[in-house]
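Note that the structure is a prediction, hence the values are computed from the model and not measured.
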Amino acid sequence: MKLNKQDILKALETITVPGEGQNMVESGSVTNVVTFGDEVIVDITIKNPSLQARKKTEVEILQAIHKHVYEKAKIKVNVKVDAPEKPQANTIKGKPIPGIQNIVAVASGKGGVGKSTVTANIAIMLAKMGFKVGVLDADIYGPSMPIMFDVEMEKPLSVTVDGKSKMKPVENYGVKILSIGFFTKPDQAVIWRGPMAAKALNQMIFDAAWGELDFLLLDLPPGTGDIHLSIMQSLPITGAVVVSTPQNVALADAKKGVAMFQQDSINVPVLGIIENMAYFTPEELPNNKYYIFGKEGAKYLAEDLDVPLLGEIPLVQSIREAGDVGRPAAMQVATPTEKAFEKLTQNVVQEVVNRNENLPETEAIKITTMAGCSAVNKK
């Protein structure tokens, strides 16, 4: 079949350019179309530099031409990125911590969505993959990490580094941990104003002997507030992930969490969204899925915001029980829960790699390869 250029352009008019309200042809994104018999070459320019945006554009073009013109057409798509220059883009405020390669913030718009549980399990899985991992429990008013890592009764020791006294993080399961929970009594409420909380966080960040880390995970408080701003002004954050459950009430707040990181004044790359408690599968009915909080809400939100969906974690009783007894579920072997957290963590690592390859350098040293990490290379 001989393809016609006008038919190709008409098919491309069915694709809307995200954020512009126009189709690919009207917006001027399509720069050239060449046809040879049943072959077609489409040259297109987009403004989003992310790997996901380029792949999504290519797939949409292939689908449109196959659907509206000729289903057996041989198509080649050349995607060029023409991102507008922003002098302050990806300029992360704060001083890097020597020895720490990547700092990943884990946030949620709403409390109770399992953010701390997800953080703990990602940390465990990263350690199982062979990475050097630390967790900073920045949830000043509700620190959970001492319980989840079974180190409630531990206290950070004082060590001397380069003539200065530093806190040595508590370590368990191959993960280094610092939390305000180590410095308060279990029944003591932390009643601090913002500046005092920020000062405590800065001490745990800069007065700690973290050593060499591939990843430092920040377990942020729920919402968008003073603690978040203090953290982002203090540290060169590589990227952020946002945890949500599928229902609309949680998704509305998760959307605000993503928007916070994407503000020009903050400008922290969003690595993606994690859907926790995605579905319930009874142990006696392993093939059944019950969508208690709604179905694929975070997936649709991720598509709307043009950020990756990093993973869907099921609602499983053992995840809660494992966290309560201080042995995160990711430590399990050959279980569906372990597989879910393994896939999620692989995606987080991949998005960090993509972020470091596709966005301008920041002050932080970053991981640029996944070589040597056998778990990441699993199919």
Side-chain angles (χ1 to χ4, degrees), residues 97-107 114-139 142-157 159 166-183 201 204-205 207-220 231 235 237-241 243 271 274 276 310-311 313 318-333 335 337-338 340-349 352 367 370 372-376:
I97 304 175
I100 298 181
Q101 295 186 4
N102 296 278
I103 301 175
V104 177
V106 184
K115 167 184 54 63
S116 296
T117 299
V118 168
T119 303
N121 281 283
I122 291 176
I124 290 290
M125 191 56 69
L126 285 170
K128 288 174 70 172
M129 290 176 174
F131 291 111
K132 298 175 183 177
V133 189
V135 174
L136 174 64
D137 191 353
D139 194 348
S144 305
M145 292 304 156
I147 295 175
M148 292 190 175
F149 282 88
D150 194 24
V151 288
E152 283 182 276
M153 307 310 295
E154 301 289 333
K155 300 292 181 185
L157 300 175
V159 296
K166 298 274 188 178
M167 285 183 287
K168 182 181 180 181
V170 173
E171 186 168 348
N172 201 15
Y173 311 135
V175 178
K176 296 179 179 179
I177 310 144
L178 274 182
S179 168
I180 198 66
F182 293 138
F183 307 101
L201 281 174
M204 288 195 293
I205 295 169
D207 292 342
W210 289 106
E212 298 290 327
L213 294 180
D214 296 307
F215 290 92
L216 175 62
L217 304 183
L218 307 179
D219 183 26
L220 296 177
I231 285 283
L235 289 172
I237 297 176
T238 306
V241 299
V243 180
L271 303 176
I274 298 169
N276 194 27
L310 297 172
I313 304 301
S318 65
I319 295 178
R320 191 273 303 166
E321 293 174 338
D324 283 350
V325 300
R327 285 184 60 83
M331 296 180 65
Q332 299 169 6
V333 178
T335 66
T337 298
E338 185 214 22
F341 279 117
E342 180 182 60
K343 182 62 177 176
L344 164 62
T345 306
Q346 289 173 0
N347 290 339
V348 171
V349 174
V352 170
I367 187 170
M370 289 161 59
C373 180
S374 59
V376 172

Stepwise side-chain contact (heavy atoms from CB on, under 4.5 Å) test for L344 and V118:
CA-CA 10 Å; L344 164 62; V118 168; 4.2 Å; yes
Between L218 and the options V106, I103, V135, the side chain to side chain contact (heavy atoms under 4.5 Å, CB included) test singles out I103
Flag, side chain of T238 to backbone of V104, donor-acceptor distance under 3.5 Å:
no
Tell me every residue that passes salt bridge (Lys or Arg N to Asp or Glu O under 4.0 Å) with D150, counting only those two or more places apart in sequence or in another chain.
none
Across all chains, not counting sequence neighbours, the side chain to side chain contact (heavy atoms under 4.5 Å, CB included) partners of A340 are I313, P314
Using 0.5 Å steps for rounding, measure from the CZ atom of F182 to the CE atom of M153.
11.5 Å
To the nearest 0.5 Å, atom CE of M145 lies from atom CD1 of I147 at 10.5 Å
For the residue pair L216 and L136, what are the closest heavy atoms and their distance?
CD1-N, 4.0 Å
Just verifying a value: how many Å separate T345 OG1 and I124 CD1, rounded to the nearest 0.5 Å?
10.5 Å
Would a 4.5 Å heavy-atom cut-off, applied to side chains only, mark V170 and P156 as touching?
yes
Taking everything shown except K166 itself, do over 12 heavy atoms lie less than 6.0 Å from its NZ?
yes
Taking C-beta and beyond as the side chain, do L126 and V348 meet within less than 4.5 Å on heavy atoms?
no
Rounded to the nearest 0.5 Å, what separates atom OG in S116 from atom CG in L220?
9.5 Å
Test side chain to side chain contact (heavy atoms under 4.5 Å, CB included) applied to T117 - qualifying residues, sequence neighbours left out:
N121, M148, I319
Distance-only, no hydrogens or angles: does the D137 side chain make a donor-acceptor pair with backbone N or O of I180 under 3.5 Å?
no
With a 4.5 Å cut-off on side-chain heavy atoms, are F215 and I122 touching?
no
Who are the salt bridge (Lys or Arg N to Asp or Glu O under 4.0 Å) partners of D219, not counting sequence neighbours?
K115
Salt bridge (Lys or Arg N to Asp or Glu O under 4.0 Å) involving E154 - partner list, sequence neighbours excluded:
none
Ignoring hydrogens, what is the shortest heavy-atom contact between A329 and A322? Give both atom names and the distance.
N-CB, 3.6 Å
Hits for side chain to side chain contact (heavy atoms under 4.5 Å, CB included) against E338, two or more places apart or cross-chain, chain-then-number order -> M125, K128, T335
Aromatic plane relationship, Y173 with F149 - under 30° parallel, 30 to 60° tilted, over 60° perpendicular
tilted
Holding to side-chain hydrogen bond (donor to acceptor under 3.5 Å, both in side chains), I want the full list of residues that pass it with E321, two or more places apart in sequence or in another chain.
Q317
dist Q332:CD -> T337:OG1 (nearest 0.5 Å) comes out at 5.0 Å
Short side-chain to backbone donor-acceptor contact, N102 and D214, under 3.5 Å:
yes
Looking at V159 and A209, what are the two nearest heavy atoms and their distance?
CG2-CB, 3.9 Å
Spatial distance of atom NZ (K168) from atom CG (L178) [nearest 0.5 Å]
12.0 Å
